[in-house]
Amino acid sequence: MKRKSLTPVVVIIADLILCSHIAVAQTPTIDQPEGDIPELELNTWNLGGPFNLLVDDCKNSNEGQACYVVGKNFILAAGGFDAFKGTQEKIVKQLKDIAAQEQAAIDSLKVVAKMDSETLAQMQQWVTQVQNLASSINVAAQKEKLDSQWGLWFLDKGCKLNYQDACIDLSIGLAYRNEGYISPTVVKEIEGYCDKGFGNACNYLGGLYLQGEYVPKSAEKAAEYYSFGCGATNHNLDACQSIAKMYETGNGVAKDPAKAREVYRFLCMKDSSMCSDLNRMKKVTGEVEAPIFDLGEKLFPDLYKDLKKEVAKTKISDL
C-alpha cells in the first residue's frame, strides 16, 4: 500500500475519496456457461433476496450489485475460490488411474498366474469400489466447476457495470482459474482497489498477510489492511472484527482492550448478529454500559459518525 505505517482506525478514512465510477480494468471476456442458470439452495446460501429476482435485476435491469451478489454466492456454492484449482477433478483422475492399474494387474494375473477365484473377486470388488468413488466425486466436481463458471460470469457482468466489489472478486477468481494462485501482479491490483477505499479488497489482503498466503506472513501488515478495510467508506465488517480481535490479543498491534471493545461496539450497532464479542468482553471485564459515544466517538469518530442518528433509536443494551 502507499501508506508506510499503521494508521489508527480513528483517522483511517480522513483522506479517502470514494469514486462511484472508477475505470474498470480490462478483463478477458467470460463466456456464458451452457444451459439454464442453476438455482442455488436458498436455505444454504444467504443471497440477501429471492434468487430469481436478483438474477433478473442483474440480467435485465443491469444492476451491478445484484450481479455481484449472485456471482459471489455461486463462488461460495462451489466451495470458494479454491474451486478454480480443480482439486476434486485431480482426485477423480488419480482414483481412475489407480483403478485402471489395479484392473490391469487383475487381468494379468488371470492369464499368467493361477489365483483362486475368491481372491480375484475381492480384488475386483475393490476396483469397483474405487471406480464408484471416482464417479461420485466426479458428480460433485462437475457441479463445483459449473457453479464456479456461473460465478465468474456474473462477477464479470457486475464488474462491467462498474460494481467494484465484483471486479475485485473477478480478479481473484481469474487468478486462481488461470494460474492456480495469487501472483504478485494480482496482489498489486487488489492493493490498488484497497487504496481507492474498497473495504473488501483491504480485508482480503489482510487475510493473505495474516496467513502468509502468496505474500510474506506479517501480522503487522494484516492489521494495517484490516484497519483500512474497517475504516473504508463501506466499512467491511469482517475487517472490523479481525482488527478488533488483534487489538484484543495484541497480535500485530499493541494490545488495547479499550479499542477492541469500541470496534466490537461499532459492529454490534451495525449488525445485531455481531454482538457476541462485545457481550463476551463485557462479561470478562465486568464493564458497566456507558453512553455509546463517550469513548467510542473519541477513539473512532469516522466509524461512529454514521451511527449518530441510529443511537437515538437503539441502545446496545436493547440488542
Side-chain angles (χ1 to χ4, degrees), residues 6-13 16 18 41-49 65 68-69 72-73 76 80 165 194 197-207 210-211 219 222-319:
L6 177 63
T7 304
V9 181
V10 65
V11 292
I12 295 170
I13 63 171
L16 289 178
L18 180 61
E41 294 286 344
L42 296 185
N43 292 333
T44 304
W45 307 108
N46 178 19
L47 290 169
Q65 184 176 11
Y68 165 71
V69 172
K72 181 73 171 181
N73 279 277
L76 290 172
D165 282 341
C194 179
F198 294 100
N200 286 353
C202 302
N203 181 59
Y204 182 76
L205 289 167
L210 189 64
Q211 300 299 323
E224 183 176 352
Y225 281 114
Y226 284 141
S227 290
F228 292 140
C230 181
T233 305
N234 62 344
H235 300 315
N236 183 280
L237 299 188
D238 289 334
C240 291
Q241 190 168 48
S242 294
I243 190 60
K245 288 187 182 300
M246 296 180 93
Y247 275 125
E248 183 180 357
T249 61
N251 182 26
V253 292
K255 189 172 183 179
D256 194 331
K259 281 188 178 181
R261 189 162 52 248
E262 290 311 306
V263 180
Y264 286 143
R265 195 189 303 277
F266 169 76
L267 281 169
C268 186
M269 287 296 297
K270 292 291 284 185
D271 184 345
S272 61
S273 69
M274 304 185 80
C275 294
S276 59
D277 286 310
L278 176 64
N279 293 333
R280 172 179 53 79
M281 286 198 77
K282 287 166 64 175
K283 287 180 181 178
V284 170
T285 61
E287 175 192 3
V288 177
E289 185 63 46
I292 185 68
F293 293 114
D294 275 8
L295 178 59
E297 189 175 18
K298 293 178 182 177
L299 287 173
F300 310 107
D302 291 315
L303 294 182
Y304 278 81
K305 187 163 39 180
D306 61 341
L307 292 175
K308 285 188 176 181
K309 293 180 181 179
E310 296 178 34
V311 74
K313 303 175 184 177
T314 309
K315 295 181 180 179
I316 285 185
S317 57
D318 296 331
L319 297 175

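Applying the salt bridge (charged side-chain N to carboxylate O under 4.0 Å, His left out) test to pairs two or more places apart or on separate chains, those with a residue in residues 246-258 are Glu248-Arg280.
Contact detail for Met281 and Pro257: the closest heavy-atom pair is CE-O, 3.8 Å. What you find for Gly252 and Ala223 is that their closest heavy atoms are O-CB, 4.0 Å. Across all non-hydrogen atoms, the minimal contact from Phe228 to Cys202 is CB-SG, 4.0 Å. Between Leu278 and Cys268, the closest heavy-atom pair is CD2-CB, 4.0 Å. The two atoms that bring Ala201 and Cys194 nearest to each other are CB-N, 3.7 Å, heavy atoms only. For the pair Gln241 and Tyr264, the tightest heavy-atom approach, listed with the atom from each and the gap, is O-CE2, 4.4 Å.
In this structure the side chain of Val263 never reaches within 4.5 angstrom of the side chain of Asp277, judged on heavy atoms. Within the 4.5 Å cutoff, no side-chain heavy atoms of Asp165 are placed close to those of Lys72.
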Worked verdict on Val69 versus Asn73 for side-chain contact (heavy atoms from CB on, under 4.5 Å)
CA-CA 6 Å; Val69 172; Asn73 279 277; 3.7 Å; yes
side-chain contact (heavy atoms from CB on, under 4.5 Å) between Lys259 and Val253: does it pass, once the steps are laid out?
CA-CA 11 Å; Lys259 281 188 178 181; Val253 292; over 6 Å; no
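In this structure, Tyr226 contributes its side chain and Asp238 its backbone to no donor-acceptor pair below 3.5 Å. Of the possible polar contacts, one joining the Asn279 side chain to the Cys275 backbone as a donor-acceptor pair under 3.5 Å is found.
For Gln211, the side chain to side chain contact (heavy atoms under 4.5 Å, CB included) partners two or more places apart in sequence, or in a different chain, are Glu213.
Between the OG atom of Ser272 and the CG atom of Leu267 there is a distance of 12.0 Å, given to the nearest 0.5 Å.
Paired with Phe266 under the rule side chain to side chain contact (heavy atoms under 4.5 Å, CB included), one option of His235, Met274, Arg261 passes, and it is His235.
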